[in-house]
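Single-structure report; data block below.
Hydrogens, waters and symmetry mates play no part in the numbers below; they use all other heavy atoms, side chains included. First listed ligand is number 1; within each ligand, the first listed atom is number 1.
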Amino acid sequence: MNFIDSSICLENCMLASSSVYRRQLFLIRSLGGYCCRVHMEGDGRAMRSSLSTLGADAEGVMQKITLKLDPSLYKGQAGKVAVIGGCREYTGAPYFAAISALKIGADLSHVFCTKDAAAVIKSYSPELIVHPVLEESYSVRDDEKATVSAKVLGEVKKWMERFDCIVVGPGLGRDPFLLNCVSDIIRQARDAEIPTVIDGDGLFLVTNNLDLVKGNSLAILTPNVNEYKRLVEKVLKCQVNDENAYEQLSSLARSIGGVTILRKGKTDLISDGLTVNEVSIFGSPRRCGGQGDILSGSVAVFSSWARHHLSTKNNESSMQSSLNPMVLGSISGSALLRKAASLAFENKKRSTLTTDIIECLGKRIYALHFDPVIACQKLKRLQLYIPNGFASFSDMFGQNVNDVGVLYVGMIILCHVGFVDVNLKEMFYYIKKILNYENNPLQILKFV
Ligand SMILES: NC(=O)C1=CN([C@@H]2O[C@H](COP(=O)(O)OP(=O)(O)OC[C@H]3O[C@@H](n4cnc5c(N)ncnc54)[C@H](OP(=O)(O)O)[C@@H]3O)[C@@H](O)[C@H]2O)[C@@H](O)CC1
Ligand SMILES: Nc1ncnc2c1ncn2[C@@H]1O[C@H](COP(=O)(O)OP(=O)(O)OP(=O)(O)O)[C@@H](O)[C@H]1O
């Protein structure tokens with residue numbers, strides 16, 4: 001009997017000893033990885049597994065893959081995404097997904113929806129590029145269907161290759177004619193090798209037509225509790241088994257040919273069939289509708305950035321190719337949504353709505369770029385400006401130098417991330433980061 005500390009949930013030892021496994025483990029850790037403890041029995045089967053993931057680790061992944069703001073970039077290089085969704089009933093969902101992508105940092109965000117939904121979505125935001133191209137059965141005669149369907153596909157095709165990622169499903173509805181057209185769009189994206197996040201009614205569609213995603217490693221499915229249940233029943237022909245959640249998820253992803261699945265819930269679980277990762281950062285106790293839509297928009301942006309990040313690390317190219325950008329994008333999207341939801345809840349409590357969470361996305365991304373080196377430089381500079389700062393702090397608070405130092409760092413951190421956006425728990429996380437930095441001025445402070 002042995003324990004393996006890994007980011008991979010395995011069904012047999014052969015996989016555990018594979019070079020792919022070891023590479024993934026090494027690389028995920030070097031990206032700020034997370035820890036999954038799988039309990040292996042003598043015959044190599046994973047009998048019981050428990051994951052322990054630190055929020056900060058998922059944040060580390062997010063921080064590494066987040067595209068740096070760079071003056072040499074031109075419009076579009078930070079990401080172009082499209083949401084395929086929005087019908088008579090649902091206009092909020094595609095808006096939430098598309099606007100979240102923009103707020104996180106994508107340059108352009110498109111929505112392909114029905115004519116009924118388009119005017120409404122445009123009225124929510126002038127930032128979105130809205131294409132009123134989808135049709136529902138009620139607006140198309142039977143004899144027109146083939147022509148209309150070809151026209152819809154043609155309209156989307158004109159744009160498809162420009163996108164870094166598409167999200168299919170938020171607020172799509174379940175009209176059979178519309179879903180038929182969307183099936184063609186999913187095939188088109190696959191042919192063009194465009195990463196595709198499938199959410200909401202898109203999952204209803206692919207669960208009944210698995211061939212649409214089977215074997216597509218650029219597809220990410222983001223099922224909620226109902227959608228996951230339907231997928232498990234359809235693919236694995238059994239019930240959801242939470243005792244065996246990691247193995248079941250991994251087996252589901254493998255059965256659909258290596259797609260990435262982000263199983264949403266109290267803890268988000270992410271698997272591409274080879275690895276299982278969890279994100280359990282504290283989010284919000286509010287379960288208002290639309291949070292899954294924010295997630296799908298976020299995952300789209302982060303997956304694009306992860307692909308970019310891995311493709312530009314030339315010196316490590318052979319190793320980097322072992323990492324799945326879809327998994328990294330899913331981890332990051334989940335972490336960001338949860339952190340934004342937690343901040344929104346701090347401000348709005350029970351009245352927290354999806355739009356409040358969206359407003360917190362940017363602040364959360366900004367807080368990510370906390371750099372202990374820069375913070376320490378600022379700290380040193382501040383000492384020059386307030387030469388008696390430490391003494392006066394001591395006088396004021398009657399505390400010893402270490403406490404004063406911590407307060408001092410706390411002040412800098414608060415300045416750095418913008419006073420209101422850091423809760424106490426996070427402040428300690430940042431302070432810890434500074435203390436771990438070898439040139440930190442607190443080393444000097446200890447001797448003052
Ligand atoms: N503000 C907005 O615009 C928002 C819009 N949203 C959008 O709503 C859509 C559905 O997403 P959701 O997450 O409510 O679906 P989910 O939990 O699987 O189903 C719950 C129950 O409802 C039922 N059911 C659903 N659709 C049905 C249909 N057309 N016709 C009949 N039954 C249907 C379903 O039944 P079942 O599938 O089990 O038969 C289950 O029992 C999706 O497009 C999403 O993006 C959300 O993002 C929230 C914010
Ligand atoms: N019990 C929970 N505790 C904390 N966070 C949760 C919980 N359940 C879901 N979440 C978070 O909310 C996000 C959305 O999950 P949810 O299950 O609400 O999706 P959804 O039903 O598809 O959403 P939507 O209303 O947009 O359709 C998930 O990524 C997850 O991080």
Side-chain angles (χ1 to χ4, degrees), residues 53 55 58 62 83-100 111 113-114 116-117 120-121 124 134 136-138 167-179 182 197-208 220-234 240 242 260-270 277-300 302 329-345 352-358 360-361 364:
T53 307
M62 183 176 21
V83 176
I84 317 291
C87 62
R88 267 202 300 196
E89 286 88 358
Y90 307 123
T91 54
Y95 165 77
F96 294 146
I99 202 77
S100 299
V111 177
C113 57
T114 67
D116 298 319
V120 183
I121 297 172
Y124 296 152
L134 302 180
E136 291 183 77
S137 304
Y138 73 86
V167 181
V168 177
L172 199 56
R174 296 194 181 172
D175 179 78
F177 175 72
L178 185 145
L179 290 184
V182 172
V197 180
I198 311 269
D199 186 34
D201 297 315
L203 285 164
F204 172 81
L205 171 65
V206 303
T207 302
N208 296 317
I220 302 175
L221 315 186
T222 56
N224 66 13
V225 61
N226 288 326
E227 293 151 354
Y228 188 70
K229 181 170 179 287
R230 285 197 290 265
L231 257 180
V232 167
E233 286 169 2
K234 177 79 181 206
V240 172
D242 282 328
T260 296
I261 302 178
L262 192 174
R263 179 189 175 183
K264 295 180 284 197
K266 188 168 173 232
T267 291
D268 287 343
L269 295 183
I270 295 144
N277 306 286
E278 71 167 31
V279 178
S280 51
I281 294 168
F282 182 72
S284 148
R286 279 284 280 135
R287 301 268 59 81
C288 53
Q291 295 185 60
D293 304 317
I294 302 181
L295 181 74
S296 61
S298 312
V299 168
F302 280 116
S330 300
I331 291 170
S332 307
S334 167
L336 180 66
L337 165 68
R338 283 166 174 263
K339 290 187 74 63
S342 136
L343 179 59
F345 187 78
T352 305
L353 296 181
T354 299
T355 42
D356 299 316
I357 301 174
I358 290 171
C360 294
L361 290 169
R364 284 314 200 184

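Looking at every heavy atom in both residues, Ala341 comes nearest to Gln291 through CB-OE1, 4.2 Å. Across all their heavy atoms, Glu136 and Cys87 have their closest contact at OE2-CB, 3.7 Å. Closest approach of Leu172 and Ile84 over heavy atoms only: CD1-O, 3.7 Å. Closest approach of Ser332 to Met62, counting heavy atoms only: OG-CA, 3.4 Å. When all heavy atoms of Thr267 and Ser280 are compared, the closest pair comes out as OG1-CB, 3.7 Å. A pairwise comparison of heavy atoms in Ile281 and Lys339 identifies CG2-CG, 3.9 Å as the closest pair.
The option with the heavy atom closest to atom 29 (O) of ligand 2, from among Val299, Asp268, Thr354, is Asp268. In this comparison of Lys264, Arg287, Arg263, Arg286, the heavy atom closest to atom 7 (C) of ligand 2 sits on Arg287. Looking at Pro94, Gly171, Ala97, it is Gly171 that brings a heavy atom closest to atom 45 (O) of ligand 1. Comparing Lys229, Arg174, Lys264 by heavy-atom distance to atom 33 (C) of ligand 1, the nearest is Arg174. Considering Ser342, Gly290, Gly292 only, the shortest heavy-atom separation from atom 25 (O) of ligand 2 involves Gly290. Proximity annotation for atom 6 (N) of ligand 1: of Ala117, Gly169, Ala93, Ala93 comes nearest, heavy atoms only.
Under the 4.0 Å criterion applied to side-chain N and carboxylate O atoms, Asp242 and Lys229 are not assigned as salt-bridge partners.
Using a 4.0 Å heavy-atom cutoff, Gly292 is absent from the residues neighbouring ligand 1. Within the 4.0 Å heavy-atom cutoff, Gly200 does not count among the residues contacting ligand 2. Within the structure, ligand 1 lacks Gly85 among the residues with a heavy atom less than 4.0 angstrom away. Proximity of Arg230 to ligand 1 is established by a heavy-atom distance of less than 4.0 Å.
The shortest distance between side-chain heavy atoms of Asp199 and Val168 does not fall below 4.5 Å. Put simply, the side chain of Pro285 reaches to within 4.5 Å of the side chain of Phe345, judged on heavy atoms. With a 4.5 Å cut-off on side-chain heavy atoms, Ser334 and Arg338 count as touching.
Protein heavy atom closest to atom 46 (C) of ligand 1, with residue, atom name and distance, is Asp293 OD2, 3.9 Å. For atom 16 (P) of ligand 1, the closest heavy atom belonging to the protein is Asn226 ND2, 3.7 Å. Of the protein's non-hydrogen atoms, Asn224 CB, 3.6 Å is the one closest to atom 17 (O) of ligand 2. Here the heavy atom of the protein found nearest to atom 13 (C) of ligand 2 is Leu337 CD2, 3.5 Å. Atom 1 (N) of ligand 2 has Lys266 CA, 3.5 Å as its closest protein atom, hydrogens excluded (heavy atom only). Regarding atom 48 (C) of ligand 1, its nearest protein heavy-atom neighbour is Gly290 N, 3.7 Å. For atom 42 (C) of ligand 1, the closest non-hydrogen atom of the protein is Asp201 OD2, 3.3 Å.
At least one N or O atom of Arg338, backbone or side chain, sits closer than 3.5 Å to an N or O atom of ligand 2. Residue Gly92 has at least one nitrogen or oxygen atom sitting less than 3.5 Å from a nitrogen or oxygen atom of ligand 1, judged on distance alone. In terms of polar-atom proximity, Pro170 is not counted as a contact of ligand 1, lacking any N or O under 3.5 Å from an N or O of the ligand.
Contact annotation for atom 23 (C) of ligand 1: protein absent (non-hydrogen atoms, distance under 4.0 Å). Atom 37 (O) of ligand 1 lies below 4.0 Å from at least one non-hydrogen atom of the protein. Atom 11 (O) of ligand 1 lies below 4.0 Å from none of the non-hydrogen atoms of the protein.
Every atom of ligand 2 with a heavy atom of Gly289 under 4.0 Å away is listed here by number and element: 25 (O). If you number the atoms of ligand 2 from 1 as listed, the ones under 4.0 Å from a heavy atom of Asp293 come out as 26 (O).
Contacts with ligand 1 closer than 4.0 Å are made by side-chain heavy atoms of Glu227 only, the backbone lying farther away. With a 4.0 Å cut-off on non-hydrogen atoms, Asn224 touches ligand 1 through its side chain and not its backbone. Contact annotation: for Leu295 versus ligand 2, heavy atoms closer than 4.0 Å belong to the side chain alone. Contacts between Thr222 and ligand 2 below 4.0 angstrom, taking non-hydrogen atoms only, are absent altogether.
Exactly one of Asn226, Val232, Val225 qualifies for a side-chain contact (heavy atoms from CB on, under 4.5 Å) with Tyr228. That residue is Val232. Of the candidates Ile270, Leu262, Asp268, Ile331 forms a side-chain contact (heavy atoms from CB on, under 4.5 Å) with just one, namely Ile270.
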| Taking it one step at a time, do Ile357 and Thr352 satisfy side-chain contact (heavy atoms from CB on, under 4.5 Å)? | CA-CA 7 Å; Ile357 301 174; Thr352 305; 4.0 Å; yes
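With Phe204 as the aromatic partner, Arg230 does not meet the cation-pi criteria of under 6.0 angstrom to the ring centre and within 45 degrees of the ring axis.
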